[in-house]
Student: 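Below is the structure I would like to discuss, written out as structure tokens.
All values below come from the heavy atoms of this structure, side chains included, with hydrogens, waters and symmetry mates left out. Counting starts at 1 for both ligands and their atoms, in listed order.
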Amino acid sequence: MKNIDSGNHTTGRSIYVDDIPLVAGTLFGAAFGSPVAHGHIEHLHLADAAAHPGVVRIFTYQDITGENQIGGIIPDEPLLAEHVVDFCGMPIAFVVATSEAAAHAAVRKIKVDITPLPVITDPREAHAQGELIVPPRTFRLGDPDAAWSQCAHIIEGRADSNGQEHLYIETQAAYAIPEENEGLKIYSSTQSPTASQRAASRVLGVPMHQLEVDVIRLGGGFGGKEDQANAWVALVALAAHILRKPVKYVLHRMEDMAMTGKRHPYSTDFRLGLDKDLKFVAFEADYYQNAGAAADLSPAIMERTLFHATSTYFVPNVRATAYSCRTHLPPNTAFRGFGGPQAKFVMESAINQAAEQLGVEAEVIQKKNLNKTGDEFPYGQKAVSEARACWTRAEELYNLETLKKEVASFNAQSPMVKKGLALMPICFGISFTNTSMNQARALVHVYYDGSVKVSTGAVEMGQGVNTKMLQVAARVLSISPDKVRLQTTSTNRIANTSPTAASAAADLNGKAVQLACEAIAGRLREVAALELNATVDAIELKNEQVLLHGKPTELDWKKLVTATFLRRVSLSEHAHYATPDVHFDKRTEKGHPFAYHVYGTSINTVTVDCLRGTYTVDAVRAVHDYGQSMNPAVDRGQIEGGIVQGIGWMTMEELLYDKTGRLRSNTLSTYKVPDLYSVPAEIAIEPLQTDTDNLAIFRSKAVGEPPLMYGIGTYFALRNAIKAFNPTSPVGFDAPMTPEKVLLALYPQPTPAVTEPHEPSLSRLATH
Ligand code: MTE
Ligand code: HPA
Ligand code: MOS
């Protein structure tokens with residue numbers, strides 16, 4: 001079944017916040033963001049802006065009717081700056097005008113006097129100054145201190161990965177419309193309708209039931225709208241609440257890029273110990289997470305980093321410590337993988353460094369150390385592993401030995417163009433690491449004409465969750481998919497939703513839909529039994545027919561639905577699902593946090609032009625653990641998208657903040673994302689055939705985030721190509737591997753032309 005949105009998407013009929021027909025009298029907002037990263041606000045000059053034609057009102061923190069606070073995990077983030085600004089772009093004022101142009105023009109007339117304070121952009125520097133968002137956390141397994149003496153080889157190093165702009169096609173957007181009795185209906189492009197509702201209720205000082213947040217769909221979220229949609233919801237809600245007028249704000253791309261947080265950059269020290277057979281003995285890591293100026297989701301992301309410290313490998317002795325470091329960047333936030341990919345990059349860097357020092361191929365070390373069923377993760381959960389199955393299937397299916405020979409023989413006869421190959425085995429835990437979030441609800445109505453409407457807490461953001469929800473209902477009720485329609489995600493219909501995140505939306509909400517439909521189907525069968533004078537056991541609903549002892553009867557789906565209504569039996573159900581058996585104890589850092597893990601292995605190949613430093617990604621060939629995919633087309637789209645997004649993060653997307661904390665790569669001309677020419681020429685994806693049982697919806701495993709990590713293989717393939725050209729290249733582990741970094745690695749200079757990643761020269765920017 002194809003994605004139910006594909007027709008509307010390709011014909012431009014899908015509705016996003018900016019497409020919602022305007023209510024008469026709608027006003028338009030625009031935020032004034034801090035021009036500096038850190039300082040004391042001495043004076044805010046609003047008079048010129050207020051006098052601008054069309055301006056209705058300018059809101060500052062003093063207008064807030066409730067609490068000036070939007071911090072989700074920790075209350076450390078004001079909606080509008082009061083006396084201090086903590087990052088460039090931090091909202092200070094919110095202009096509301098009769099047109100979007102007027103609102104933006106007025107924003108440009110606002111001036112602010114700020115006494116600058118010292119700016120920190122580097123997480124290690126923040127750590128050295130004691131600027132931590134939360135106390136550090138450590139995950140332990142075995143006895144790492146004792147284990148080092150048993151190691152034949154000890155490798156120490158450092159790995160740095162940069163941030164990533166989400167670049168959802170639809171920018172952040174919210175539209176609040178007053179309703180009677182002080183209510184507000186708020187359309188939002190949010191992954192978390194409830195978090196947005198809660199943030200607005202706090203800022204306005206009104207109960208949550210006074211506010212409805214309604215989400216039609218998102219033009220992409222990728223984690224960037226898990227918490228960071230809340231500010232815009234709160235701002236339009238505040239203005240609409242005070243003015244009792246509809247207020248809309250759709251951020252311009254440059255506003256969005258400058259004001260919102262991104263994937264967390266990480267800087268990490270690692271130490272890896274191996275025995276003489278190259279089996280891992282011990283692993284230690286200290287992760288310095290660049291959290292930005294407020295907590296946002298950083299503590300949860302830091303936690304997922306720790307959960308993924310050893311990735312898909314078994315290491316008997318582990319000590320992994322993470323520091324969430326407060327800097328003066330916009331608060332960094334969720335991004336596909338949620339700290340997991342950053343940990344993966346560190347582990348693979350350690351393996352590659354070991355391979356280089358020991359003169360073996362990285363894949364020899366990788367393969368030897370893949371986890372097996374029963375192996376313990378550092379957090380106590382035992383693996384149900386498909387790691388080896390995926391790896392060996394990929395080896396066979398794609399003829400790894402032949403691919404390697406092709407690369408070697410190409411490189412032998414090609415002096416200036418080199419190929420590189422790397423394998424990337426992945427493992428990702430499915431469930432919110434915060435156990436309480438693993439719950440969802442669904443509301444299903446069967447109308448008496450036999451058509452069905454489904455509401456869940458899941459937000460459609462391109463990942464196809466609505467298609468999957470529809471499939472669940474159609475399958476459980478055994479009716480045609482075109483009898484089922486999805487409803488928007490509204491806090492009026494489904495309360496207290498978890499965000500659509502952690503790749504878990506289809507599982508959690510799908511199971512709730514399944515429960516609701518099973519309850520309705522059960523009642524329908526009881527009615528059928530009465531109608532047919534039979535026992536319920538003898539009744540089956542199949543393909544819109546009512547079967548008695550397996551044989552068709554005069555009752556069909558529609559007649560049965562009508563009969564059920566006439567007998568005054570409910571045709572609606574609201575169901576609740578909570579993942580069974582997941583738990584985690586933060587005091588011991590042990591438990592069983594994940595419903596299951598997703599595995600896979602990819603083989604990545606690249607070609608590097610060693611004269612220019614440019615490269616092409618030849619292929620990503622993966623064997624992926626889908627479980628039993630309920631929608632192979634949707635899942636393939638997720639894997640392809642994840643791979644390309646991962647490649648972008650690892651190769652070309654280069655976020656540059658200067659020392660003053662200003663984002664320099666703030667437009668699409670200075671921030672390069674993958675385009676048609678940078679996607680792999682070939683993406684091959686083969687499902688792993690396995691019967692392993694799991695907690696996924698109809699055993700169709702979560703697919704949203706894990707494949708992003710296949711993109712990391714491209715980084716190491718590029719490194720291998722560089723080494724093929726210059727075996728003594730001192731290239732370290734510092735993603736992204738931009739063409740200029742490739743060039744510098746191919747021809748290392750005694751005094752490097754480019755030094756600090758956070759200190760771009762203007763000429764360097766101009767080359768992008
Ligand atoms: N795919 C598309 N097209 N757009 C998105 O915004 N977000 C990703 C992933 N795939 C995203 C996407 C992220 S970060 C997550 S957590 C999952 O989808 C969330 O959806 P799911 O739980 O239904 O997989
Ligand atoms: N993953 C994604 N989003 C989240 C999580 C998580 O584990 N916890 C809170 N938000
Ligand atoms: Mo995804 S980063 O969990 O929204």
Student: Considering both backbone and side-chain atoms of Gly223, is one of its nitrogen or oxygen atoms within less than 3.5 Å of a nitrogen or oxygen in ligand 1?
Tutor: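 In fact, backbone or side chain, Gly223 has no N or O that close.
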
Student: Measure the acute angle between the ring planes of Phe307 and Phe139, then classify it against the limits of 30° and 60° as parallel, tilted or perpendicular.
Tutor: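 The rings of Phe307 and Phe139 stand perpendicular, inter-plane angle above 60°.
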
Student: Given 3.5 Å as the limit, does a donor-acceptor pair link the side chain of Ser490 with the main chain of Asn492, or not?
Tutor: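 Yes; at least one donor-acceptor contact below 3.5 Å.
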
Student: Taking only heavy atoms of Gly462 into account, list the atoms of ligand 1 that are under 4.0 Å away from them.
Tutor: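 Ligand 1 atoms under the 4.0 Å threshold to Gly462: 2 (C), 3 (N).
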
Student: Parallel, tilted or perpendicular, judged at 30° and 60°: which one describes the rings of His597 and Phe594?
Tutor: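 His597 and Phe594: perpendicular rings.
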
Student: Quick one: does Ala702 get within less than 4.0 Å of ligand 1, heavy atoms only?
Tutor: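 No heavy atom of Ala702 comes that close to ligand 1.
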
Student: Can you list the atoms of ligand 1 that are under 4.0 Å from a heavy atom of Met461?
Tutor: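 In order of numbering, the contacting atoms are 2 (C), 3 (N), 4 (N), 5 (C), 6 (O), 7 (N), 19 (C), 20 (O).
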
Student: Quick one: ring-ring contact (aromatic ring centres under 6.0 Å, His included) partners of Phe432, sequence neighbours excluded?
Tutor: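 Expected list: none.
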
Student: If you measure from CH2 on Trp649 to CG on Asn162, what distance do you get to the nearest 0.5 Å?
Tutor: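 Output value for this atom pair is 10.0 Å.
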
Student: In Å and rounded to the nearest 0.5 Å, what is the CD to CZ distance from Glu705 to Phe222?
Tutor: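 With rounding to 0.5 Å, CD (Glu705) is 11.5 Å from CZ (Phe222).
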
Student: Who pairs with Arg699 by salt bridge (charged side-chain N to carboxylate O under 4.0 Å, His left out), at least two apart in sequence or on another chain?
Tutor: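 For Arg699 the salt bridge (charged side-chain N to carboxylate O under 4.0 Å, His left out) partners, ignoring immediate neighbours, are Asp693.
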
Student: Contact between Gly641 and ligand 1, counting heavy atoms under 4.0 Å?
Tutor: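 Contact check Gly641 vs ligand 1: negative.
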
Student: Tell me which one of Lys468, Gln463, Glu460 gets a heavy atom nearest to atom 18 (O) of ligand 1.
Tutor: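 When every heavy atom of Lys468, Gln463, Glu460 is considered, Gln463 comes closest to atom 18 (O) of ligand 1.
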
Student: Are the side chain of Asn371 and the backbone of Tyr313 linked by a donor-acceptor contact shorter than 3.5 Å?
Tutor: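 Answer holds: no.
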
Student: Does any N or O in the side chain of Glu165 come within less than 3.5 Å of the main-chain N or O of Leu167, such that one atom is a donor and the other an acceptor?
Tutor: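 Yes; at least one donor-acceptor contact below 3.5 Å.
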
Student: Would one find an N or O of Gly220, backbone or side chain, under 3.5 Å from an N or O of ligand 1?
Tutor: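 Gly220 vs ligand 1: no N/O contact under 3.5 Å.
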
Student: What are the polar N/O contacts of ligand 3 with the protein below 3.5 Å, with distances?
Tutor:
unit_1: ligand 3; atom_1: 3 (O); unit_2: Ala502; atom_2: N; d: 2.7
unit_1: ligand 3; atom_1: 3 (O); unit_2: Glu705; atom_2: OE2; d: 3.2
unit_1: ligand 3; atom_1: 4 (O); unit_2: Gln191; atom_2: NE2; d: 2.8
unit_1: ligand 3; atom_1: 4 (O); unit_2: Gly223; atom_2: N; d: 3.4

Student: Look at Glu589 together with Arg140 and state whether they make a salt bridge at an N to O cut-off of under 4.0 Å.
Tutor: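 Salt bridge between Glu589 and Arg140, a charged N being under 4.0 Å from a carboxylate O: no.
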
Student: Go through ligand 1 atom by atom and flag the ones less than 4.0 Å from a non-hydrogen atom of Ala502.
Tutor: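 By the 4.0 Å cutoff, the relevant atoms are 16 (S).
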
Student: Any donor-acceptor pair under 3.5 Å linking the side-chain atoms of Ser436 with those of Asn434?
Tutor: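 Per modelled atom types, Asn434 and Ser436 side chains form a pair under 3.5 Å.
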
Student: Show which atoms of ligand 1 fall inside a sub-4.0 Å distance from at least one heavy-atom site of Gln638.
Tutor: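 What qualifies from ligand 1 is 1 (N), 2 (C), 3 (N), 9 (C), 10 (N), 12 (C), 18 (O).
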
Student: Heavy-atom contacts with Gly221 under 4.0 Å: which atoms of ligand 1 show up? List them by number with element.
Tutor: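 Result: 5 (C), 6 (O).
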
Student: Tabulation required: pairs of a nitrogen or oxygen in ligand 2 and a protein nitrogen or oxygen under 3.5 Å; columns are atom names and distance to 0.1 Å; otherwise 'none'.
Tutor:
unit_1: ligand 2; atom_1: 3 (N); unit_2: Glu226; atom_2: OE1; d: 3.1
unit_1: ligand 2; atom_1: 3 (N); unit_2: Glu226; atom_2: OE2; d: 3.1
unit_1: ligand 2; atom_1: 7 (O); unit_2: Arg304; atom_2: NE; d: 3.4
unit_1: ligand 2; atom_1: 7 (O); unit_2: Arg304; atom_2: NH2; d: 3.0
unit_1: ligand 2; atom_1: 7 (O); unit_2: Thr433; atom_2: N; d: 3.2
unit_1: ligand 2; atom_1: 10 (N); unit_2: Glu226; atom_2: OE2; d: 2.6

Student: If hydrogens are left out, which of Ser503, Pro706, Ala506 has an atom nearest to atom 24 (O) of ligand 1, that is, the closest non-hydrogen atom?
Tutor: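 Nearest heavy atom to atom 24 (O) of ligand 1 lies in Ser503.
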
Student: Look only at interatomic distance and state if Ala505 has a nitrogen or oxygen under 3.5 Å from any nitrogen or oxygen of ligand 1.
Tutor: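 In this structure, Ala505 places an N or O atom under 3.5 Å from an N or O of ligand 1.
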
Student: If I take atom CD from residue Gln164 and atom CZ from residue Phe335, how far apart are they, to the nearest 0.5 angstrom?
Tutor: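 One finds 3.5 Å between CD of Gln164 and CZ of Phe335.
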
Student: Short question: side chain of Thr171, backbone of Leu251 - any donor-acceptor pair under 3.5 Å?
Tutor: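 Yes; at least one donor-acceptor contact below 3.5 Å.
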
Student: Ligand 1 and Gly337, any nitrogen or oxygen pair closer than 3.5 angstrom?
Tutor: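 Such a contact does not occur with ligand 1.
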
Student: Within the supplied structure, the quantity of interest is the number of heavy atoms (other residues, nucleotides, ligands) at a distance under 6.0 Å from Asp581 CG; does it exceed 12?
Tutor: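 Counting neighbours around CG of Asp581, 12 or fewer heavy atoms of other residues, nucleotides or ligands fall under 6.0 Å, so no.
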
Student: How does Ala504 reach ligand 1, by side chain, by backbone, by both or by neither, if only non-hydrogen atoms under 4.0 Å count?
Tutor: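 It is the backbone that touches ligand 1; the side chain stays farther off.
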
